[in-house]
Amino acid sequence: MGIEVEPPDVNRSGVDFTPLQDSILFGLSAVRNVGEGAVENILAAREATGKFKSLADLCDRIDPRTVNRRALEALIHCGSMDTIDPNSNRYQLVQDLELVLEWSQARARDRAIGQGNLFDLMGGTTSQGSGFEMAPKSPTIPDYPPQEKLRLEKELLGFYISDHPLKSLQQAARVLAPVSLSNLESQSDKATLSAIAMISSIKPLVTKKGDRMAVLQIEDLSGQVDAVVFPKTFERISVLLQADARLMLWGKVDRRDDRVQFIVEDAEPVDDVCMVMVELEPIAAADVVKQHHLRTVLLEHRGEEDKGKVPVIAVITAGDRRELVRLGAQFRVQDHQLVVQALVRAGFQARTSLLLNAS
């Protein structure tokens with residue numbers, strides 16, 4: 001619906017999802033591993049003495065018996081503490097957590113016996129700032145890799161919030177114009193389609209004959225659909241079928257019981273998807289003889305039973321202007337190296353390019 005969903009925030013979120021002017025703020029009770037009691041304790045501490053200024057501040061003000069380490073790790077991993085320490089990162093906060101918990105529990109014990117420390121006696125502040133600045137920290141480390149951050153987000157929230165693993169591929173994917181999963185229903189049953197998608201879940205199955213196959217749930221930026229991998233295909237590509245894998249999928253539409261599903265016939269990791277790029281000047285691109293020559297070479301390399309799946313892109317350059325034109329599915333080739341060699345022998349400028357480097 002085009003409505004932004006903001007990540008949970010320990011300083012802004014309530015128990016439930018909160019509608020804002022132009023967005024929806026994720027509720028703390030919807031974060032996995034964070035119980036109702038933990039949420040109530042956090043909100044009560046925030047209501048009593050204001051927003052949390054750091055991880056140490058939060059740990060010092062909550063009840064560790066109610067908001068345990070598992071809940072705190074979940075709150076860090078889902079991004080709800082990103083705003084309390086802009087100079088830190090999620091992995092850093094997780095590494096700091098054990099040290100900070102020990103520190104805050106020692107302070108709590110001191111307060112329980114009426115001892116307190118120098119900062120408490122001075123009202124919790126010094127001329128240089130809060131006493132929480134004295135909390136221990138682990139050595140500085142870089143954040144989780146982007147894919148790991150997103151995996152943890154989805155594990156805890158059920159959604160990708162801060163980003164999506166396929167979003168970085170949008171620009172490159174336009175070159176191949178793969179089908180959007182939300183438009184699968186409008187596609188012809190017989191046509192071979194390609195889709196850039198990610199595996200959300202995998203359900204392995206065994207047929208009555210004892211052959212292995214799988215039912216997948218795949219997703220892209222437009223939606224989710226079920227996909228089926230029959231035994232012969234499963235035998236070839238099973239090693240690629242892993243949760244959160246980003247794949248280029250080839251297959252056909254299947255309609256059954258008023259449901260549309262994708263029959264997977266082949267797959268390749270997105271990072272490995274290769275294309276053949278043919279450089280053409282506008283005059284050559286409009287030359288009928290050149291067109292026929294190019295067509296002949298490409299059709300000779302479609303492979304047995306038209307198994308070609310490597311797309312061919314014409315790169316037409318005129319001055320500072322550069323256009324990428326994807327040739328039709330009938331011109332896909334099977335071996336990108338062989339077809340480049342054949343095109344060069346035929347007088348064309350040709351090269352291979354990974355999809356992610358397409359230019």
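None of these values were measured; they are calculated from a predicted model.
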* Within a reach of under 6.0 Å around CD of Gln105, are more than 12 heavy atoms found that belong to other residues, nucleotides or ligands? -> yes
* Asked: Among all residues two or more places apart in sequence or in another chain, which pass the ring-ring contact (aromatic ring centres under 6.0 Å, His included) test with Phe234?
  -> none
* Apply the test side chain to side chain contact (heavy atoms under 4.5 Å, CB included) to residues Arg61 and Thr49: give CA-CA distance (whole Å), side-chain angles for both, the deciding distance (0.1 Å), then the verdict. => CA-CA 9 Å; Arg61 290 160 56 187; Thr49 50; 2.8 Å; yes
* Asked: Salt-bridged, Asp211 to Lys209, with N to O below 4.0 Å?
  -> no
* Closest heavy-atom contact between Val289 and Asp287? -> N-OD1, 2.8 Å
* Asked: Does the side-chain hydrogen bond (donor to acceptor under 3.5 Å, both in side chains) test come out yes or no for Thr352 and Gln337, once each step is laid out?
  -> CA-CA 7 Å; Thr352 60; Gln337 293 179 329; over 6 Å; no
* Asked: Strictly by modelled atom types, are Ser138 and Gln92 linked by a side-chain donor-acceptor pair under 3.5 Å?
  -> yes
* To do: I would like to know whether Glu102 and Arg107 meet salt bridge (charged side-chain N to carboxylate O under 4.0 Å, His left out); could you show each step before the answer?
  => CA-CA 9 Å; Glu102 291 179 0; Arg107 284 167 60 94; over 6 Å; no
* To do: Decide yes or no for Val34 and Val67: does some side-chain heavy atom of the first lie under 4.5 Å from some side-chain heavy atom of the second?
  => no
* Give a yes or no on whether the backbone of Leu181 and the side-chain of Asp220 come within a donor-acceptor separation of less than 3.5 Å. => yes
* To do: Answer yes or no: is there an ion pair linking Arg236 with Asp266, defined by an N-O contact shorter than 4.0 Å?
  => yes
* Asked: More than 12 non-hydrogen atoms from neighbouring residues, nucleotides or ligands closer than 6.0 Å to CD on Glu148, yes or no?
  -> yes
* Got a salt bridge between Glu265 and Lys252, using NZ or NE/NH1/NH2 to carboxylate O under 4.0 Å? -> yes
* **Enclosure of Gln330 CD (heavy-atom neighbours >12, cutoff 6.0 Å)** => yes
* Would you check if the side chain of Gln261 reaches a backbone N or O of Val228 as a donor-acceptor pair within less than 3.5 Å? => no
* Asked: Mind checking who shares a hydrophobic cluster with Leu99, ILVMFWY linked at side-chain heavy-atom distances under 4.5 Å?
  -> none
* Asked: What pairs with Phe26 under ring-ring contact (aromatic ring centres under 6.0 Å, His included), at least two apart in sequence or on another chain?
  -> Phe17
* Asked: Which atoms form the tightest heavy-atom contact between Asn11 and Phe52, and what is the distance?
  -> OD1-N, 2.7 Å
* Asked: Within the side chain of Arg246, is there an N or O that forms a donor-acceptor pair under 3.5 Å with the backbone of Pro165?
  -> yes
* Rounded distance (nearest 0.5 Å) linking atom CG of Asp163 with atom OG of Ser168 -> 7.5 Å
* **Check: Ser186 side chain, Asn183 main-chain N or O, donor-acceptor pair, under 3.5 Å** => yes
* Asked: Would one find more than 12 heavy atoms of other residues, nucleotides or ligands at under 6.0 Å from atom CD of Glu235?
  -> no
* To do: Would you tell me whether Glu219 and Ser200 have side-chain atoms, one donor and one acceptor, within less than 3.5 Å of each other?
  => yes
* Asked: Can you list the residues that meet the side chain to side chain contact (heavy atoms under 4.5 Å, CB included) rule with Ala56, with sequence neighbours excluded?
  -> Ser54, Val100, Trp103, Phe132, Ala135
* Asked: Any salt bridge between Arg321 and Glu323, counting N to O under 4.0 Å?
  -> yes
* Indicate whether any N or O donor in one side chain lies under 3.5 Å from an N or O acceptor in the other, for Gln341 and His301. => no
* To do: May I have all residue pairs that pass side-chain hydrogen bond (donor to acceptor under 3.5 Å, both in side chains) and include part of residues 71-81, sequence neighbours excluded?
  => Arg69-Glu73, His77-Tyr144
* **Under 3.5 Å donor-acceptor, Ser222 side chain and Ser182 backbone** => yes
* **Arg151 bridged to Asp244 by N-O distance under 4.0 Å** => no
* Asked: Can Arg212 and Ser238 be counted as having a side-chain donor-acceptor contact under 3.5 angstrom?
  -> no
* To do: Would you check if the side chain of Arg70 reaches a backbone N or O of Asn33 as a donor-acceptor pair within less than 3.5 Å?
  => no
* To do: Using the test salt bridge (Lys or Arg N to Asp or Glu O under 4.0 Å), find all partners of Lys149 that sit at least two apart in sequence or belong to another chain.
  => Asp143
* If we ignore angles and hydrogens, is there a donor and acceptor under 3.5 Å between the side chains of Ser29 and Glu36? -> no
* Take Val276 and Leu298 through the test side chain to side chain contact (heavy atoms under 4.5 Å, CB included) and record every step on the way to the result. => CA-CA 10 Å; Val276 172; Leu298 296 178; 5.6 Å; no
* Asked: Is Arg46 reaching over with its side chain to a backbone N or O of Val10, donor-acceptor style, under 3.5 angstrom?
  -> yes
* Electrostatic pair Lys290:Glu281 at N-O distance under 4.0 angstrom -> no
* So Leu43 and Leu28, side chain to side chain contact (heavy atoms under 4.5 Å, CB included) or not? Walk me through it. -> CA-CA 10 Å; Leu43 295 182; Leu28 294 179; 4.2 Å; yes
